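Working notes, structure below.
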Amino acid sequence: MEGRFGRDALRAAVEAPALDRELWRALGDAGFFALCVPEDAGGVGLGLPEAVLAFEEAGRVLLPGPAVATFLAAGDVEGAAAGETVVTAVEGELVPWLEEADVVRGDTDGAVPVRSVDPLTPLHRVPDAPNTSHDPHDPHDPYTPHDPHAPRTSAHVASLLRAAEQLGSATRTCESAVEHARTREQFGGPVGRFQAVQHLCADMLVRAELARVAVYAAAVTGDRLAAAGARLLADDAAVRNARDCLQVHGGMGFTWESDVHLHLKRAWVRAGLGAGARQAEEDLAAAL
Amino acid sequence: MDLTYTEEEESFRAGLRDWLADVLPALPAGPAPDDWPGRRAYDTGWQRMLYDAGYGEVHWDAAPTLRLIFLEETEKAGAPYVGANFVGLLHAGPTIAAEGTPEQRARWLPPVLRGDEVWCQGFSEPDAGSDLASLRTRAWRDGDCYVVSGSKIWTSHAEVADWCELLVRTTPVSAEVPKHRGITWLALPMDAAGITVRPLRTLAGSTEFAEVILDEVRVPVANRVGAEDDGWRVSMVTLSFERGTAFVGEVVACRRLLGELAGEARANGRWDDAALRRRLGRLSAEFTALWRLTQWNVSEARRTGGVPGTGGSVFKLRYSHARQELYDAAADVLGPGALDLERPWTLERLSALSYTIAAGTSQIQRNIVAERVLGLPKGR
Ligand SMILES: Cc1cc2nc3c(=O)[nH]c(=O)nc-3n(C[C@H](O)[C@H](O)[C@H](O)COP(=O)(O)OP(=O)(O)OC[C@H]3O[C@@H](n4cnc5c(N)ncnc54)[C@H](O)[C@@H]3O)c2cc1C
């Protein structure tokens, strides 16, 4: 993944945000979108646990584009698996990459553009989309409480794949903070020797590792409530690790040049897509 | 803690309220966030209005309570923020007022109060951030001038400033001279020959701060505030104003914002969420307490000759985090709208990410609290 979308590509994309169709086809060629498409249908034939690892890498490099929706469409939308057709979806009240995508799943009536906080994710808002965050029993809602073993829906898988991306980002910002703490010198030595900085880094690792087991386990069991929990932990890890990473970088972390803000803004966007965190909390609470 | 007001103070408050009700509705809309010349003009124009109405000197007023009343009323009424006048009014000015000669006060203070001159702060350097005393920008004497070479970084508003409060090294560090000695506080005219200002872009997309390169810039010796090599002590006065009192007006602004958040939540249905309501309630308690702490710090400062003490670090530490939590709660209220830069609060949420870094990071404030307030041994 880093070979296909490394740091230079990331910074170039920030300066000229657009959907990179060449990159998309390259991912298609590598089998990224077809990972879970059965072999007899021309796919790679792997399961959710492998998909989660791939999306973790995508989150780590901040891969731009509606990768989750395209991945989910790979079985039934012509050209999606090959990366020829770019598919996006209405995710809760938001639609990422609406204008750039070839196929949009869901009802985008009345969609209005949003000046997106994330320079690498154009967004539209569908103001009167069914608001899933208010009623946990809403029949449109992909999570139905009290029935953790109902068949998986694509919204459930989408949520888990996004959690995997959050995990990748949380891991990356933790590493970046540790690298900086080792090399940045103040008071005659690396700032990483200060307990205050060590504690920030330690907390980051704890968050990332907790999210990791939650995401991996939810992928293996396919359990909806496990996915809801994974999503909460991964959102928290991605957002808070990006913030602590910013803190460890000092003034440098507040600049546009640094990648930290790209992680934070994307983490905010991912956390805002699909059924809200509130929904996950309600589901978990309802199952108690 | 005395929370009652005298008759004189109450009449000051009433007069100010009337004046604000009069002038604010007629004020034009503010400039775009990244239009620095426009912002400078707007902010200094507001300062000029305050000056003409007799409120120009309120930041230096002998009675800190009047200053608190001023901050409380202007923020409550939604008056413009100090903006480009931040450094001049809230820490360079107060430093000159406390440490300058009568000539220096006469030269630099009135233009700040009238909104004629804008200041910036040249303390941090690429290799001297938290460890400010390790700064390396050199200054040596040449007749009645210092010649200054080096580079400063993260200098807010440098693009539009007339003056810079500059820390330089006048005596190199040696076995006899520790790093805290040998520093001098200078007022640098930003139009002097040899200054290059290179704007830096923040994560909020604006060029709010800059890198300032100094190449043999001549600064008159008369621009030195305090004695040569005594600048570290002077800079501590500056920082105690910056941390102790410069942000207090914003606490009132936060309380106003909380009210706006509750209004928005009631309108969009999020108010039905008990967890969110409780969160806003807790933040309200927090900002009320921070305002009390401010009142306490300001009345303490009166006892220490007008310079705020280490209580400022306690305030700054809690305030900067509370303010970030406030914008997180705002994001919760806005829902998906929080990802839209056109919505109010989204950009402010980004700007607030700097609060735990600028003016000394939270980790440094904790060190100060541990060592100077709690008396713990100097940490590693
Ligand atoms: C928006 C903004 C505006 C600014 N405006 C100005 C300005 O106008 N003028 C000016 O002079 N400066 C300004 N600054 C600079 C600011 O004061 C510095 O960024 C700050 O002091 C931190 O220094 P640094 O960035 O070099 O971080 P570093 O000192 O490199 O810190 C990196 C990390 O190490 C930690 N650390 C360092 N030392 C210790 C220690 N002893 N114990 C525990 N942890 C430690 C820090 O907390 C941080 O997490 C501004 C900064 C920002 C973000």
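These numbers were taken from a predicted model, which means no experiment stands behind them. Throughout, protein chains are lettered first and strands after them, A, B, ... in sequence-line order, and every chain is numbered starting at 1.
Residues satisfying the side chain to side chain contact (heavy atoms under 4.5 Å, CB included) criterion with A/A234, sequence neighbours excluded, are A/A163, A/Q166, A/A211, A/V215.
B/D340 places a side-chain N or O within 3.5 Å of a backbone atom of A/R115 that can act as its donor or acceptor partner.
Crowding of B/R138 atom CZ: a count of heavy atoms from other residues, nucleotides or ligands under 6.0 Å exceeding 12. Crowding of A/R11 atom CZ: a count of heavy atoms from other residues, nucleotides or ligands under 6.0 Å exceeding 12.
Nearest heavy-atom pair, B/W154 versus A/M252, reported as atom, atom and distance to 0.1 Å: CZ2-N, 3.4 Å. Considering all non-hydrogen atoms of both residues, B/L334 and A/R125 come closest at O-NH2, 4.1 Å.
Taking CZ of A/R278 as the reference point, atom CZ of B/R270 lies at 4.5 Å (rounded to 0.5 Å). To the nearest 0.5 Å, the span separating CD on A/Q195 from CG on B/N367 amounts to 10.0 Å.
Interface remark: B/S362 contributes backbone and side-chain atoms alike to the contact with chain A (heavy atom separation under 4.5 Å). Heavy atoms of A/L273 lying under 4.5 Å from chain B are absent altogether. For a residue to count as touching a neighbouring chain, one of its non-hydrogen atoms must lie under 4.5 Å from one of that chain's; by this rule A/L264 touches chain B with the side chain only. Residue B/L350 touches chain A through both its backbone and its side chain, counting heavy-atom pairs closer than 4.5 Å. For A/L246, the parts lying under 4.5 angstrom from a heavy atom of chain B are both the backbone and the side chain. Both the backbone and the side chain of B/L353 come within contact range of chain A, judged by heavy atoms closer than 4.5 Å.
When the candidates B/A275, B/A331, B/S351 are compared by the number of heavy-atom contacts under 4.5 Å with chain A, B/S351 comes out ahead. With respect to chain A, the highest number of heavy-atom pairs below 4.5 Å among B/L347, B/D328, B/T346 belongs to B/D328. Per-residue counts of heavy-atom pairs under 4.5 Å with chain B were compared for A/E185, A/R184, A/E257; the largest is that of A/R184.
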Intermediate values then yes/no, side-chain contact (heavy atoms from CB on, under 4.5 Å), B/I364 and A/Q186: CA-CA 12 Å; B/I364 291 300; A/Q186 288 286 278; over 6 Å; no
Residues A/Q247, B/I357; criterion side-chain contact (heavy atoms from CB on, under 4.5 Å); working and verdict: CA-CA 7 Å; A/Q247 187 68 21; B/I357 296 166; 3.6 Å; yes
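The contact list for residues 173-182 of chain A toward chain B, using heavy atoms and a distance under 4.5 Å, is empty. Proximity to chain A at a heavy-atom threshold of 4.5 Å picks out B/P126, B/D127, B/A128, B/G129, B/S130, B/D131 from residues 126-136 of chain B, in numerical order.
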Pairs under 3.5 angstrom only: tabulate donor-acceptor contacts from the side chains of residues 202-211 of chain B to other protein residues two or more places apart or in another chain.
{"from": "B/T202", "atom 1": "OG1", "to": "B/A204", "atom 2": "N", "distance (Å)": "3.1"}
{"from": "B/T202", "atom 1": "OG1", "to": "B/S206", "atom 2": "O", "distance (Å)": "3.4"}
{"from": "B/T207", "atom 1": "OG1", "to": "B/W36", "atom 2": "NE1", "distance (Å)": "3.4"}

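The side-chain heavy atoms of B/R349 and A/V117, taken from C-beta on, include no pair separated by under 4.5 Å.
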